[in-house]
Amino acid sequence: MNAAIRGRSRPVYMDHAATTPVRPEVVEAMLPCFSERYGNPSSVYALAREAQVTLEKARGQVAEAIGAATEEIYFTSGGTEADNWAIKGVAAANRKKGDHIITSAIEHHAVLHSCRTLEKQGYRVTYLPVDEFGRVEPAAVEEAITDATILISVMAANNEIGTIQPIAAIGEIARDHGIPFHTDAVQAIGAIPIDVDSMGVDLLALSGHKFYGPKGIGALYIRKKTRIGTFMDGGAQERGRRAGTENVPGAVGLGKAIELAVAEMPENVTRLTAMRDRLIREILETIPDTRLNGHPTERLANNVNVAFRYIEGESILLMLDTLGVAASTGSACTSASLEPSHVLTACGLPPEQAHGSLRLTLGSQNTDEDVDYVLSVLPRVVERLRKMSPLNPER
Ligand SMILES: *Cc1c(COP(=O)(O)O)cnc(C)c1O
C-alpha cells in the first residue's frame with residue numbers, strides 16, 4: 001500500500017547512522033568462510049592455517065584504513081564492545097595511577113554507560129559540556145585534566161547530529177599530558193579521514209555495520225604499550241586479550257568493507273554532501289519554525305538533523321513510515337524511550353524541541369529522487385501534525 005501511495009516500489013531508507021545494508025562485494029568475500037573455508041584459526045592443519053591467514057589479512061585491511069600496525073587491531077563484537085573494553089580496560093589497568101576520566105556529554109551510550117558503571121565502582125568522571133553546535137572545546141579538555149586523570153574519551157563524530165570533533169587538537173593535549181586518548185570513531189569511518197598517529201589517538205572503536213559491513217563485528221585499535229586490561233578470559237586469541245574463537249567471516253567482511261569505505265570516501269562525501277545540503281536548505285526554507293541541529297559545516301556528509309517546533313519527533317517518524325520513509329529521531333537506542341535526546345539537550349535545546357527533532361542519514365543507495373520525495377512529503381507531514389499539536393499556540 002505504501003508503494004501505491006508513493007508510486008514507487010522501494011522505500012526510502014534514510015537511517016544509515018543506525019545501520020547500513022551489507023554490500024554485495026562484502027557478502028561475496030564472506031561466503032567461503034562459512035562453508036569450505038571454515039577452519040578454526042587456532043588449530044594446526046592446513047585448513048586452520050588458511051583461516052589464520054585470512055583473519056590476519058582482514059586485520060591488515062582494518063589497520064591500513066586507520067594508519068595503524070596490524071598487531072594493534074583487536075576484533076570485537078562491534079562498536080559497543082570496543083568502547084566498553086577501551087574505557088573499562090584502561091580504567092582497570094591504571095587504577096593505581098588515578099581514578100579520573102574525561103569524556104563528553106554527547107557520547108554514545110556505549111561510552112556514557114561504561115563511564116556510569118565506573119562511577120559506581122568509585123571512579124570520577126568529568127562529562128564535558130558542548131557548544132550549541134555540539135562541539136567539545138579542546139581547551140576545556142585541558143582544563144579538566146588533573147593528576148588523577150587516566151583516560152580521555154571523545155567521539156570522532158556524533159551519531160545523532162553528525163558534529164565532527166577536533167580530535168587531533170584533543171589528541172595533542174592528551175599526548176602532552178601523557179594521558180591515553182580513546183575515540184569512538186564508529187560514525188567516522190568512511191566519512192572523514194582517520195589516521196591514529198596524526199590524530200594522537202591511542203584507542204579507537206569502529207563497527208562493521210555502520211559502513212556496509214556485517215553486524216556483530218567491530219574492532220578496537222590499541223596503540224602499542226597502552227596499558228589496558230584483558231576483555232575476555234579464555235584462550236589465547238587476539239594476543240590473549242580477547243578470548244573466544246574468532247568470527248572469521250565477520251572479520252573478513254569488516255576488512256573488505258573498511259577497505260572499500262576508505263577507497264570510495266572522496267566521491268561518497270561529495271555526493272552525499274550535495275544531497276545533505278539540499279535537504280537542509282529546503283527544509284529550513286519551506287517549513288517555518290525549524291532549526292538545524294548540529295554544526296553547519298563541521299558535520300558528517302550524510303547527516304541531516306532538524307528540530308520542528310510544536311511537534312513530537314515520534315509522530316513524524318510514524319507518519320513518514322506510512323509514506324515509505326525510514327528515518328529516526330536520534331539514536332536507535334534512545335528513540336524507543338521517552339527521554340529527550342541527551343545530545344540535543346547538551347546542545348541547549350529545551351526538552352520539547354529536542355522531542356521534535358528528526359534525523360535523516362543518507363547512504364549509498366539514496367538518490368536525488370529520494371531527496372525530492374522526502375522534500376515533497378515532509379512539509380505536509382509537519383503541517384498536519386502541527387494542526388493537531390497541543391503545543392502549537394496557533395492551533
Ligand atoms: C552504532 C554506534 C555504536 C555501537 O556500535 P555497535 O556495533 O552497534 O555496537 C557506538 N558508537 C557510535 C557513535 C555508534 O553510532
Side-chain angles (χ1 to χ4, degrees), residues 13-22 26 62 66 73-88 103-117 127 130 134-136 153-165 167 182-192 194 201 203-221 231-232 242 247 249-251 253-255 257-258 261 293-295 298-305 327-336 341-344 346-347 359-363:
Y13 182 77
M14 288 199 186
D15 201 17
H16 291 83
T19 197
T20 57
V22 182
V26 169
V62 176
I66 63 170
I73 301 299
Y74 295 81
F75 291 115
T76 66
S77 66
T80 299
E81 182 185 320
D83 281 332
N84 269 263
W85 185 8
I87 291 163
K88 294 172 184 170
T103 188
S104 86
I106 63 161
E107 298 294 310
H108 189 275
H109 283 142
V111 168
L112 287 180
H113 292 175
S114 292
C115 288
R116 294 268 161 74
T117 296
Y127 300 92
V130 293
R135 291 263 284 189
V136 174
S153 180
V154 176
M155 70 199 316
N158 184 267
N159 47 302
E160 291 189 35
I161 55 176
T163 300
I164 297 166
Q165 300 297 343
I167 290 303
H182 168 61
T183 190
D184 174 337
V186 172
Q187 292 289 335
I189 300 293
I192 56 173
I194 297 288
V201 166
L203 304 115
L204 179 146
L206 57 88
S207 170
H209 75 102
K210 301 296 176 78
F211 48 84
Y212 307 91
K215 293 173 179 60
I217 185 82
L220 179 64
Y221 156 76
F231 187 74
M232 197 84 91
R242 201 281 189 185
N247 176 358
L254 183 74
I258 202 166
N293 295 319
H295 201 282
E298 290 299 310
R299 78 185 293 133
L300 294 174
N302 76 340
N303 178 289
V304 175
N305 191 317
S328 162
T329 48
S331 70
C333 330
T334 45
S335 50
S341 150
H342 68 284
V343 176
L344 295 175
C347 295
R359 180 185 77 179
L360 300 166
T361 43
L362 299 157

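Order of appearance sets the numbers: ligands from 1, and atoms from 1 within every ligand.
Among all protein heavy atoms, the one lying closest to atom 3 (C) of ligand 1 is His108 NE2, 3.5 Å. Among all non-hydrogen protein atoms, the one lying nearest atom 8 (O) of ligand 1 is His209 NE2, 2.8 Å. When hydrogens are left out, the protein atom nearest atom 4 (C) of ligand 1 is Thr80 OG1, 3.5 Å; that is the closest non-hydrogen contact. In this structure, the protein non-hydrogen atom closest to atom 2 (C) of ligand 1 is Lys210 NZ, 2.6 Å. At the shortest separation from atom 11 (N) of ligand 1 among protein heavy atoms lies Asp184 OD2, 2.6 Å. Remark: minimum distance from atom 6 (P) of ligand 1 to any protein heavy atom is reached at Gly79 N, 3.5 Å. Of all protein heavy atoms, the one closest to atom 7 (O) of ligand 1 is Ser207 OG, 2.6 Å.
In this structure, the side chains of Leu206 and Leu254 come closer than 4.5 Å at one or more pairs of heavy atoms. Tyr212 has its side chain within reach of His16: a pair of non-hydrogen atoms, C-beta onward, lies under 4.5 Å apart. When side chains are defined from C-beta on, Leu112 counts as touching His342, because their heavy atoms get closer than 4.5 Å. Side-chain contact check for Thr361 versus Ser328: every heavy-atom pair is 4.5 Å or farther apart.
Below 30°, between 30° and 60°, or above 60°: for His113 and His109 the angle between ring planes is below 30°, a parallel geometry.
Counting heavy atoms closer than 4.0 Å to ligand 1, residue Met155 contributes side-chain atoms (C-beta onward) but none from N, CA, C or O.
In terms of modelled atom types and a separation under 3.5 Å, the side chain of Tyr74 and the main chain of Thr76 share no donor-acceptor contact. Distance alone, capped at 3.5 Å, places no donor-acceptor pair between the Gln187 side chain and the Gly162 backbone.
Shown in contact with Gly78 at under 4.0 Å from a heavy atom are these atoms of ligand 1, numbered in order with element: 7 (O).
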